[in-house]
Amino acid sequence: MEFVFDKEKNKEKIESFKMFIQDHREIPGALMPVLQEAQELFGYLPREIMQLISRTLKIPMAEIYGVATFYSQFSFIPKGKNIISVCLGTACYVKGAQAILEEIETILGIKAGSTTLDLKFSIDSTRCVGDCSLAPVIVINDDVYAKVTKNKVKELIEKYRNGV
């Protein structure tokens, strides 16, 4: 699944980002703050922005990609408006979290770590959200849902699909 980065729509952000790079390019170790700013501005690291970083900082794309893949804070795909995090920690897993994750994937037609083409949903798995007594737990944006069942998943997704 390929997301197209709209340069025209992001024109102002790109100009702001170019100024940020210029202000930081002489600083030793500039790549990290530049990548962090790109992630913050665009919500992910589009290929076009990584190419801009490469040209401006004179750093090979392979090195930029290596740094960006090492740190989990960076994403190469945009995040959806609604981020569904499924806890796969031990307590949640034992109580059926894997089946809940699979149900969410089936309903949305994407796998964990992906975003729907309409940018409405992203699915992430997490190791523990700290509510083990309420397992299985999912988090949608900042809302925590406890003792979730496969039957409840469709209802929750429809709630967010329709704008909560």
Side-chain angles (χ1 to χ4, degrees), residues 1-18 20-21 31-54 61-89 92-93 96-131 135-146 148-164:
M1 169 175 349
E2 176 103 12
F3 292 94
V4 177
F5 181 69
D6 188 337
K7 288 182 182 177
E8 193 58 38
K9 180 180 167 191
N10 288 287
K11 197 173 190 174
E12 288 180 27
K13 288 181 183 178
I14 293 169
E15 288 308 313
S16 171
F17 184 61
K18 284 179 179 178
F20 183 89
I21 295 173
L31 182 57
M32 275 303 288
V34 167
L35 287 173
Q36 289 168 327
E37 180 69 9
Q39 180 77 36
E40 181 70 27
L41 269 175
F42 304 104
Y44 72 113
L45 299 176
R47 180 177 48 251
E48 296 84 351
I49 295 302
M50 293 195 332
Q51 290 168 338
L52 171 66
I53 294 168
S54 176
M61 281 291 288
E63 184 177 334
I64 294 169
Y65 185 77
V67 170
T69 56
F70 182 80
Y71 294 99
S72 62
Q73 73 189 59
F74 299 119
S75 174
F76 298 108
I77 61 169
K79 292 292 183 186
K81 177 182 177 194
N82 300 293
I83 300 172
I84 303 172
S85 297
V86 180
C87 179
L88 294 178
C92 288
Y93 189 83
Q98 183 63 43
I100 290 166
L101 174 60
E102 290 168 3
E103 182 71 9
I104 294 167
E105 290 174 335
T106 298
I107 291 169
L108 295 177
I110 59 171
K111 294 288 184 189
S114 299
T115 299
T116 58
L117 283 175
D118 63 4
L119 297 175
K120 284 191 178 182
F121 293 96
S122 292
I123 307 171
D124 289 326
S125 61
T126 185
R127 287 293 144 217
C128 186
V129 295
D131 281 331
V137 175
I138 68 170
V139 179
I140 303 177
N141 302 330
D142 293 324
D143 303 323
V144 178
Y145 295 95
V148 177
T149 62
K150 277 180 62 174
N151 295 334
K152 182 82 171 162
V153 168
K154 187 171 185 169
E155 177 186 324
L156 289 172
I157 290 172
E158 287 306 312
K159 175 180 172 181
Y160 287 86
R161 188 173 272 148
N162 297 323
V164 181

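This chain uses plain numbering: 1 for the first residue, then up along the sequence.
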Show the nearest heavy-atom pair for residues [X] and [Y], with the distance to one decimal.
X	Y	answer
Tyr44	Ile77	CB-O, 3.3 Å
Pro136	Cys92	CA-SG, 3.7 Å
Val137	Asp131	CG2-O, 3.7 Å
Glu103	Lys150	OE1-CE, 3.6 Å
Thr69	Phe76	CG2-CE1, 3.5 Å
Lys18	Leu52	CG-CD2, 4.0 Å

Counterpart residues, ring-ring contact (aromatic ring centres under 6.0 Å, His included), relative to Phe17 (two or more places apart) | Phe42
Does Tyr71 have any ring-ring contact (aromatic ring centres under 6.0 Å, His included) partners at least two apart in sequence or in another chain, and if so, which?
-> none
Find the distance between [atom1] ([X]) and [atom2] ([Y]) and round it off to the nearest 0.5 Å.
X	Y	atom1	atom2	result
Met50	Met61	CE	CE	4.0 Å
Glu40	Phe20	CD	CZ	10.5 Å
Ile138	Ser85	CD1	OG	9.0 Å
Glu37	Lys13	CD	NZ	11.0 Å

Heavy-atom check, side chain of Leu45 versus side chain of Ile64, under 4.5 Å | no
Note, Leu119 side chain near Pro78 side chain (heavy atom, < 4.5 Å) | yes
State which residue, out of Val153, Ile100, Ile104, Leu101, fulfils the side chain to side chain contact (heavy atoms under 4.5 Å, CB included) condition with Ile84.
-> Ile104
Could I get the full list of side chain to side chain contact (heavy atoms under 4.5 Å, CB included) partners for Asp118, not counting sequence neighbours?
-> Thr116, Lys120
Can you sort out the partners of Glu8 under side chain to side chain contact (heavy atoms under 4.5 Å, CB included), two or more places apart, ordered by chain and number?
-> Asp6, Lys11
Set of side chain to side chain donor-acceptor pair (under 3.5 Å) partners for [X], sequence neighbours left out:
X	answer
Glu102	Gln98
Tyr93	none
Glu12	none

[X]: what forms a salt bridge (Lys or Arg N to Asp or Glu O under 4.0 Å) with it, not counting sequence neighbours?
X	answer
Lys152	Glu155
Glu48	none
Lys111	Glu105
Lys154	none

Begin from the C-alpha positions of Leu41 and Ile49 and carry the test side-chain contact (heavy atoms from CB on, under 4.5 Å) through to its verdict.
-> CA-CA 11 Å; Leu41 269 175; Ile49 295 302; over 6 Å; no
Does the side chain of Tyr160 pick up a donor-acceptor pair with the side chain of Asp143 at under 3.5 Å?
-> yes
Listed pairs under 3.5 Å, donor-acceptor, residues 121-128 side chains, sequence neighbours left out:
from	atom 1	to	atom 2	distance (Å)
Ser122	OG	Gly80	N	2.6
Ser122	OG	Thr115	OG1	2.7
Asp124	OD1	Lys79	NZ	3.3
Arg127	NH1	Leu88	O	3.4

